[in-house]
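Read the numbers this way: they start at 1 and go in the same order the structure lists the ligands and their atoms.
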Amino acid sequence: MRIVVIGGSGLIGKKLVPILRQKGHDAVVASPSSGVNALTGEGLAGALTGASVVVDVSNSPSFEDAAVMEFFDTSTRNLLAAETAAGVKHHVALSVVGADRMLDSGYMRAKVAQEALIKAGKVPYTIVRATQFFEFLG
Ligand SMILES: NC(=O)c1ccc[n+]([C@@H]2O[C@H](COP(=O)([O-])OP(=O)(O)OC[C@H]3O[C@@H](n4cnc5c(N)ncnc54)[C@H](OP(=O)(O)O)[C@@H]3O)[C@@H](O)[C@H]2O)c1
């Protein structure tokens with residue numbers, strides 16, 4: 001199955017892509033460093049051609065409140081629209097355990113907004129909520 005991993009070059013993406021390939025999937029790394037930008041839409045249509053599943057493990061380069069909200073809001077809208085156009089069958093997104101209980105954090109408000117867009121969208125989805133990774137501790 002062709003699985004496009006948005007943010008496939010990041011901390012979790014780098015771990016996920018080899019696992020998908022070991023399982024026999026055609027896992028495609030998609031991020032700005034490979035010419036695919038979910039925020040501007042650059043390269044999205046081409047990357048999603050023939051994909052069955054999109055896994056979104058991208059992250060905002062800035063954690064400043066307005067920037068992170070803009071990142072998850074715009075990139076999620078762009079991804080869902082491109083997935084609908086390409087006939088993608090499932091959208092998977094990585095979120096954070098308890099995000100809806102930490103709304104004093106701008107980052108968590110943006111993750112809750114990302115989840116809401118996915119739930120309101122037309123693409124069947126799975127939202128995976130993980131606790132913070134140990135690598136992120138520092
Ligand atoms: N870290 C944690 O503890 C943790 C816990 C739970 C959930 N999560 C969630 O897991 C996801 C991934 O986190 P992470 O720590 O693996 O992130 P990360 O290491 O910061 O990686 C970010 C990834 O996003 C890509 N990216 C940045 N701007 C993009 C854009 N405009 N379009 C497409 N891709 C873009 C980067 O691509 P380039 O390499 O090309 O710049 C990179 O591949 C996030 O949504 C986060 O909320 C993280």
Side-chain angles (χ1 to χ4, degrees):
M1 182 190 304
R2 185 174 172 88
I3 303 175
V4 175
V5 182
I6 306 292
S9 59
L11 178 65
I12 192 70
K14 271 192 231 165
K15 296 179 191 288
L16 173 64
V17 167
I19 293 170
L20 293 173
R21 288 181 179 155
Q22 270 167 22
K23 291 180 180 293
H25 296 297
D26 173 18
V28 179
V29 174
S31 76
S33 51
S34 56
V36 182
N37 192 322
L39 203 50
T40 63
E42 179 198 355
L44 263 189
L48 266 50
T49 302
S52 300
V53 173
V54 168
V55 180
D56 182 9
V57 286
S58 65
N59 209 356
S60 174
S62 164
F63 284 12
E64 185 273 324
D65 284 4
V68 74
M69 181 61 82
E70 166 71 11
F71 179 86
F72 282 111
D73 181 82
T74 304
S75 65
T76 302
R77 289 177 195 275
N78 286 342
L79 282 173
L80 294 173
E83 289 168 23
T84 300
V88 170
K89 294 182 177 58
H90 207 88
H91 178 94
V92 181
L94 187 58
S95 191
V96 184
V97 169
D100 53 322
R101 289 162 44 190
M102 293 184 271
L103 295 178
D104 52 333
S105 155
Y107 187 87
M108 296 305 168
R109 288 197 296 276
K111 294 301 290 184
V112 169
Q114 177 191 23
E115 291 186 1
L117 285 169
I118 295 165
K119 289 174 186 170
K122 293 193 178 77
V123 182
Y125 66 87
T126 300
I127 295 170
V128 180
R129 282 183 157 191
T131 54
Q132 308 260 287
F133 313 142
F134 282 108
E135 291 94 328
F136 198 58
L137 198 59

S.K.: By number and element, which atoms of ligand 1 are closer than 4.0 Å to a non-hydrogen atom of F71?
M.R.: 28 (N), 29 (C), 30 (C), 31 (N)
S.K.: Under 4.0 Å from a heavy atom of L39: which atoms of ligand 1 are those, numbered in the order shown and with their elements?
M.R.: 31 (N)
S.K.: How close do I127 and S95 get, heavy atom to heavy atom, and via which atoms?
M.R.: CG2-CB, 4.0 Å
S.K.: To the nearest 0.1 Å, how far is atom 25 (C) of ligand 1 from its closest protein heavy atom, and which atom is that?
M.R.: G7 CA, 3.8 Å
S.K.: For S52, is there any backbone N or O sitting under 3.5 Å from a side-chain donor or acceptor partner on R2?
M.R.: no
S.K.: A cation-pi test, strictly: NZ or CZ of K111 under 6.0 Å from the centre of the six-membered ring of F72 and no more than 45 degrees from its axis. Yes or no?
M.R.: yes
S.K.: Would you say the side-chain atoms of D56 pair up with the backbone N or O of A93, donor to acceptor, closer than 3.5 Å?
M.R.: no
S.K.: Considering only protein heavy atoms, which is closest to atom 11 (C) of ligand 1, and at what distance to one decimal place?
M.R.: S58 O, 3.7 Å
S.K.: What are the two closest heavy atoms between A67 and S62, and how far apart are they?
M.R.: CB-OG, 3.5 Å
S.K.: Return yes or no for this condition: an N or O of S33 is under 3.5 Å from an N or O of ligand 1.
M.R.: yes
S.K.: Which ligand 1 atoms, with their elements, are less than 4.0 angstrom from a heavy-atom of A130?
M.R.: 6 (C)
S.K.: If you round to the nearest 0.5 Å, how far is NE2 of H25 from CD1 of I19?
M.R.: 11.5 Å
S.K.: May I ask you to identify the nearest protein heavy atom to atom 24 (O) of ligand 1, giving residue, atom name and distance to one decimal place in Å?
M.R.: N59 N, 3.1 Å
S.K.: Just need the protein heavy atom nearest to atom 32 (N) of ligand 1, so name the residue and atom and give the distance.
M.R.: A38 N, 2.9 Å
S.K.: What is the closest protein heavy atom to atom 46 (C) of ligand 1, and at what distance does it sit?
M.R.: Y107 OH, 3.2 Å
S.K.: Hey, is ligand 1 close enough to F133 that some N/O pair sits below 3.5 Å?
M.R.: yes
S.K.: Who's closest to atom 31 (N) of ligand 1 heavy-atom-wise, of V97, V5, N37?
M.R.: N37
S.K.: Check M108 against A99 and note the closest heavy-atom contact, atom names and distance.
M.R.: CB-O, 3.6 Å
S.K.: Please give me the minimum heavy-atom distance between L20 and A27, naming the atom from each residue.
M.R.: CB-CB, 3.9 Å
S.K.: Of the backbone atoms (N, CA, C, O) and the side-chain heavy atoms from C-beta on, which set of K111 has a member under 4.0 Å from an atom of ligand 1: side chain, backbone, both, or neither?
M.R.: side chain
S.K.: Nearest to atom 43 (O) of ligand 1, what protein heavy atom do you find, and at what distance?
M.R.: S9 OG, 2.7 Å
S.K.: I want to know if ligand 1 touches G10 in the polar sense, i.e. an N/O pair below 3.5 angstrom.
M.R.: yes
S.K.: Judging by distance only, is a nitrogen or oxygen of A30 under 3.5 angstrom from one on ligand 1?
M.R.: no
S.K.: Counting only heavy atoms, which portion of F72 has something under 4.0 Å from ligand 1: side chain, backbone, both, or neither?
M.R.: side chain
S.K.: V68 and A110: which non-hydrogen atoms are nearest, and at how many Å?
M.R.: O-CB, 3.7 Å
S.K.: Are any of the side-chain heavy atoms of H91 and I6 separated by less than 4.5 Å?
M.R.: no
S.K.: So which heavy atom in the protein is nearest atom 35 (C) of ligand 1, and how far is it from that ligand atom?
M.R.: P32 CD, 3.2 Å
S.K.: Please list the nearest protein heavy atom to atom 19 (O) of ligand 1 with its residue and the distance rounded to 0.1 Å.
M.R.: L11 N, 2.8 Å
S.K.: Any non-hydrogen atom of S95 lying under 4.0 Å from ligand 1?
M.R.: yes
S.K.: Under 4.0 Å from a heavy atom of V96: give me the atoms of ligand 1 that qualify, with their elements.
M.R.: 6 (C), 7 (C)
S.K.: Looking only at non-hydrogen atoms, find the nearest pair between V123 and L80 and report the distance.
M.R.: CG2-O, 4.0 Å
S.K.: Hey, is ligand 1 close enough to I12 that some N/O pair sits below 3.5 Å?
M.R.: yes
S.K.: Any N/O of Q114 closer than 3.5 Å to an N/O of ligand 1?
M.R.: no
S.K.: Does T131 come within less than 4.0 angstrom of ligand 1, counting non-hydrogen atoms of the residue?
M.R.: yes
S.K.: Identify, by atom number and element, the atoms of ligand 1 in contact range of Q132, meaning under 4.0 Å from any of its heavy atoms.
M.R.: 3 (O), 5 (C)
